[in-house]
Amino acid sequence: MSSEHNFVLHNWCVPAEWNAPTVVGGRGARLLLEDGRELLDMSSLVECSNLGHQHPRLVAAIRAQAEQLSFVTSAWGAAPRKALAERLLELSGFEGGLVFFTLGGADANENAVRIARQASGKPRGLVVTRDRSYHGASYMDMALSGDSRTAHQVDSEAWGVRRVPPPYSYRCPFASRSPHDCGQRAAAAVAACIDAEGANRVAAVLMESNAGSNGIVAPDSYWPSLRDATRERDVLFIADEIMSAFGRCGEWFAWQRHGEQGRPDIMTLAKGLTGAVAPLGAVVMSAAIARRIERQMFYGGLTYGGHPLSCAAGLAALDAYRDENLIERSRRLGAHMFKELQKLQAHHAVIGEVRGGHGLFAVVELVADPATRAPLAPWPQQADQQRALMRAALDEGVSFGSRGNLLIIAPPLVIDETDLAAALALLDRLLGRFFPASRVEQNS
Ligand SMILES: Cc1ncc(COP(=O)(O)O)c(C=O)c1O
C-alpha cells in the first residue's frame with residue numbers, strides 16, 4: 001500500500017521521512033490504528049483532545065447541527081455562535097466583553113494582536129513576547145513566537161515584536177537561585193522592555209499561560225508580577241490559553257489560578273474549546289476592550305470563523321467539561337501524575353526536572369547529567385535514545401508527546417486511571433531500558 005506521505009505534506013516533518021501512525025477511529029483516551037492496534041494517547045494529540053476521542057455528546061451535537069444549519073457566513077448571525085460566545089464570556093467572567101471567532105489558534109493570536117492594536121489606539125504598536133514561546137505557524141505568529149523551528153523564517157523586529165527571556169527556572173536566563181526569584185526577574189524583564197521602548201509605543205504583551213511546545217512552566221511568582229507590570233504601564237495583556245485552557249492546567253483557564261490579579265485583557269482559545277472535534281478558535285476580550293472598539297470598523301474576517309458546526313461542538317464540549325467534572329478531575333489526576341513522575345525522577349538520573357503539577361500537563365526534561373544539568377541533546381535536537389524510547393512506546397501501544405529533550409505528558413482528561421498507571425509504568429520501564437547507565441539505585 002502506498003504511504004500517505006506520497007500525497008500529503010504533513011506538519012513539522014521531513015516529508016520523505018514521515019513515519020507516523022494512521023488512525024481510523026477512537027474512543028476515550030484510545031485511538032484505533034489502521035493495522036487494528038490500539039494506541040493510548042498520552043499527549044491528547046498535541047494537547048487538544050481534552051475530551052478524548054469521538055466523545056458521543058460532541059459527535060451528536062455536530063450531527064444535529066449539520067441537520068439544522070451547516071453553514072452561514074460569519075458576517076451574519078447563527079444561534080450556536082451567539083450561545084457559545086455568551087457561555088464563554090460568562091464562564092471566564094468577561095461579561096460585557098466580546099468574542100471574535102477564528103478557525104484555530106494561530107489566527108486567534110493574530111486577531112488578538114490586531115484587536116489590541118486597535119483598542120490601544122496604536123495601530124502599529126509593539127508586541128512583547130518571550131523566547132521559547134509558541135503562538136502558531138502563520139507569518140505573524142512565527143514573528144510572535146520565540147520558537148527554534150521558525151525563528152529563522154521571519155524578521156520579528158520588522159513585525160513589531162520584541163522578545164524577552166523566559167521564566168525557565170531550571171536554566172534561569174537571569175542565573176537566579178530560586179524559581180520564585182527567576183519568575184520575578186523574568187517579569188521585571190518584560191517591564192524593562194516596555195520601559196525601554198516606551199509604554200506609549202507598546203500595544204500589548206502576549207504570553208502563554210504554560211508553554212506546551214517549549215515545555216516551560218512558569219514559577220508561581222511570574223504571572224502576577226507580569227500582570228501588575230502591564231497594568232501599571234497601561235499596556236494590554238493577552239493570555240495565549242490555546243493549550244492551557246479547558247482543564248489542561250487544572251482550571252477552566254490557566255490564569256484563574258492567580259485569581260483576579262491574573263486576569264488578562266484578552267485571551268485566545270482553540271484546541272480544548274471543541275476538544276478538537278471541530279476546528280475553532282476564539283479571541284475573548286474584556287468589556288473595556290469591547291467598549292473601545294465597538295464604534296470603529298473592524299477590518300478583519302474569516303470565511304469559516306465561528307462555523308456553526310464548530311460552535312455546536314464547542315457548546316457540547318463546555319457541557320461535557322461541566323457535567324463530567326473534568327476540570328476538577330484534571331486537577332486531581334494531574335496532582336497524582338506529577339507525584340508519580342517525581343518518583344520516576346528519583347529512580348532515573350536522566351530526568352533532570354519534572355514540571356507541571358497543575359492539571360494533566362507535565363513536562364519531563366531529560367539531561368545527560370543531573371548534577372551539571374547538561375542537556376541530553378542541545379536544544380532543540382533530540383538524542384537517539386530518546387527517539388528510540390518514543391518508538392518503543394508506540395510499539396507497546398502508548399504515544400507520549402516529545403520535543404527536543406522534553407517528554408510532554410498530557411493525556412485526555414477522561415483517561416482511565418488504570419490506563420494512566422499503565423502508561424507511567426511503561427515509561428519507567430523504557431527509561432530503565434534506554435538510559436540504564438543513569439539509573440539511580442534505590443537506597444544507594
Ligand atoms: C500556546 C499555543 N498557541 C498557539 C497555537 C497555534 O494553534 P493552531 O495550531 O491551532 O494554529 C498552539 C498550537 O500548538 C499553542 O500550543
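Atoms within a ligand are numbered from 1 in the order they appear, just like the ligands themselves. The first residue in the sequence is number 1, and the count goes up from there.
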**Asked** Is the shortest distance from a Lys or Arg side-chain nitrogen in Arg87 or Asp319 to a carboxylate oxygen in the other one below 4.0 Å?
**Response** yes
**Request:** Could you label the plane-to-plane angle of the Trp252 and Phe246 rings as parallel, tilted or perpendicular, counting under 30° as parallel and over 60° as perpendicular?
**Result:** perpendicular
**Request:** Please name all residues satisfying side-chain hydrogen bond (donor to acceptor under 3.5 Å, both in side chains) with Arg185, sequence neighbours left out, ordered by chain then number.
**Result:** Ser176, Asp181
**Request:** Could you tell me whether Arg263 and Glu260 make a salt bridge, using a distance below 4.0 angstrom between a side-chain N and a carboxylate O?
**Result:** yes
**Asked** Between Arg114 and Glu110, is there a side-chain N and carboxylate O pair less than 4.0 Å apart?
**Response** no
**Near-ring test Trp223/Phe237, centroid separation under 6.0 angstrom** = yes
Using a cut-off of under 3.5 Å, which N/O atoms of ligand 1 pair up with protein N/O atoms, and what distance separates each pair?
unit_1: ligand 1; atom_1: 3 (N); unit_2: Tyr134; atom_2: O; d: 3.4
unit_1: ligand 1; atom_1: 3 (N); unit_2: Asp240; atom_2: OD1; d: 3.3
unit_1: ligand 1; atom_1: 3 (N); unit_2: Asp240; atom_2: OD2; d: 2.8
unit_1: ligand 1; atom_1: 10 (O); unit_2: Gly105; atom_2: N; d: 2.8
unit_1: ligand 1; atom_1: 11 (O); unit_2: Ala106; atom_2: N; d: 2.8
unit_1: ligand 1; atom_1: 14 (O); unit_2: Lys271; atom_2: NZ; d: 2.8

